[in-house]
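As structure tokens, the structure follows; a few thoughts come after it.
Residue numbers start at 1 and run along the sequence shown.
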Amino acid sequence: MTDKVDTASAPYFEGIYGMTANPTRQVFMIGLVWRVALDLGGRGIDILEVGSWAGASALTWGQALEIHNEGRGALTCIDAWQPYYAQEEIPDDVSQEINAALETNEPYQIFSDNMRFLPPGTDLRVRRGWSTDILPSLAAETYDIVYLDGDHCYAGISADLDSGCRLVRDGGVICGDDLELQGHQVDASIAAQRPKLDKQRDEASGTVFHPGVTLAVAERFGEVSAWNGFWAMRKVADGWQRVNLRGMPAHFPNHLSPKNLMGLKAYLMQHGLI
């Protein structure tokens, strides 16, 4: 838990509030808005985010709308800001600390304070509650981008995928976080046996991954477009197809510290991601 939170001059992403926000993936989130904006020809882009935590992804979406669509569009954030890890499946001390924080109102307050740093005029709508309660109540084919980063266990992400796919407009995109390994790269069948499992290490590759996300996404789509753990698929008349971000301009999240920004740029260039 934090002793003192200072959000007066910049968004707050210290400690556990920054650990879950992968800046590499956020570069490709901005790129996805670039792709969708080109396809839509300038009309507003409606984005639905499931799982907001401290607001790093929400700030990224807002920045992307400003850069690539002149701010046209709306961002709806859904999160319960309540403990969601099954106690018997909490994998590490960080997850335990996150769950403990969610027993207080601090994470929601930090999110709310961080939203002051959205670009001016951002149409932000916040729905506080469980996605399993809220998503079924939303009208079908309402959003151009549906982003899933809530409960990563198999039961949770499967339910969000079912609802999320229904909410995407034709030509729109469903996407999500924490797909470190795809179904063809690892045996994720353990997720079906332990549906509340959040994450574990793959013995063959040494990669820490989320078996529930891997299994649920593979069952729904097979192999998907993915960039360092951020994945996406486009809705078309006869189903779903991969998304091409070739040629995207590289923009970096404004909320990063100068030190983290330098490290991000170096990593992306070293791995040929930009």
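Within the structure, no pair that satisfies the salt bridge (Lys or Arg N to Asp or Glu O under 4.0 Å) test touches residues 49-62, not counting sequence neighbours. Residues in residues 152-163 take part in these salt bridge (Lys or Arg N to Asp or Glu O under 4.0 Å) pairs, two or more places apart or across chains: D162-R220. Residues in residues 206-219 take part in no salt bridge (Lys or Arg N to Asp or Glu O under 4.0 Å) pair, two or more places apart or across chains. Within the structure, the side chain to side chain donor-acceptor pair (under 3.5 Å) test picks out the following pairs touching residues 246-258 (sequence neighbours left out): Q26-H255, Q63-N254, S257-N260. Sorted by first then second residue, the ring pair (Phe, Tyr, Trp, His ring centres under 6.0 Å) pairs that include residues 151-191, not counting sequence neighbours, are H152-H210. Sorted by first then second residue, the salt bridge (Lys or Arg N to Asp or Glu O under 4.0 Å) pairs that include residues 145-155, not counting sequence neighbours, number zero.
Other members of the hydrophobic cluster containing V224, listed by chain and number, are L48, V50, I78, I134, L135, L138, Y143, V146, L148, I157, L161, L167, V168, I174, L179, V213, V217, F221, W231, M233, W240; membership follows side-chain contacts under 4.5 Å among ILVMFWY residues, whether direct or relayed. V186 belongs to a hydrophobic cluster with L181, F209, counting contacts under 4.5 Å between side-chain heavy atoms of Ile, Leu, Val, Met, Phe, Trp and Tyr, direct or through other members.
In terms of the side chain to side chain contact (heavy atoms under 4.5 Å, CB included) criterion, residue partners of Q241 (sequence neighbours excluded) are, by chain and number, R234, V236. For P107, the side chain to side chain contact (heavy atoms under 4.5 Å, CB included) partners are Y17, W53, W81, A101, L102, T104, not counting sequence neighbours. Partners of A250 by side chain to side chain contact (heavy atoms under 4.5 Å, CB included), not counting sequence neighbours, listed by chain and number: F252, I274. Partners of N99 under the side-chain hydrogen bond (donor to acceptor under 3.5 Å, both in side chains) rule, at least two apart in sequence or in another chain, do not exist in this structure.
A salt bridge links R25 with E180: the distance from a Lys NZ or Arg NE/NH1/NH2 to an Asp or Glu carboxylate oxygen falls below 4.0 Å. Contact check on K199 versus D178 returns no salt bridge, with no Lys/Arg side-chain nitrogen under 4.0 Å from an Asp/Glu carboxylate oxygen.
Follow the hydrophobic side-chain contacts under 4.5 Å out from V94 and you never reach V208; the two are in separate clusters.
Counted within 6.0 Å of CG on D170, heavy atoms from surrounding residues, nucleotides or ligands total more than 12; the atom is thus considered enclosed.
Across all their heavy atoms, I30 and P253 have their closest contact at CD1-N, 4.3 Å.
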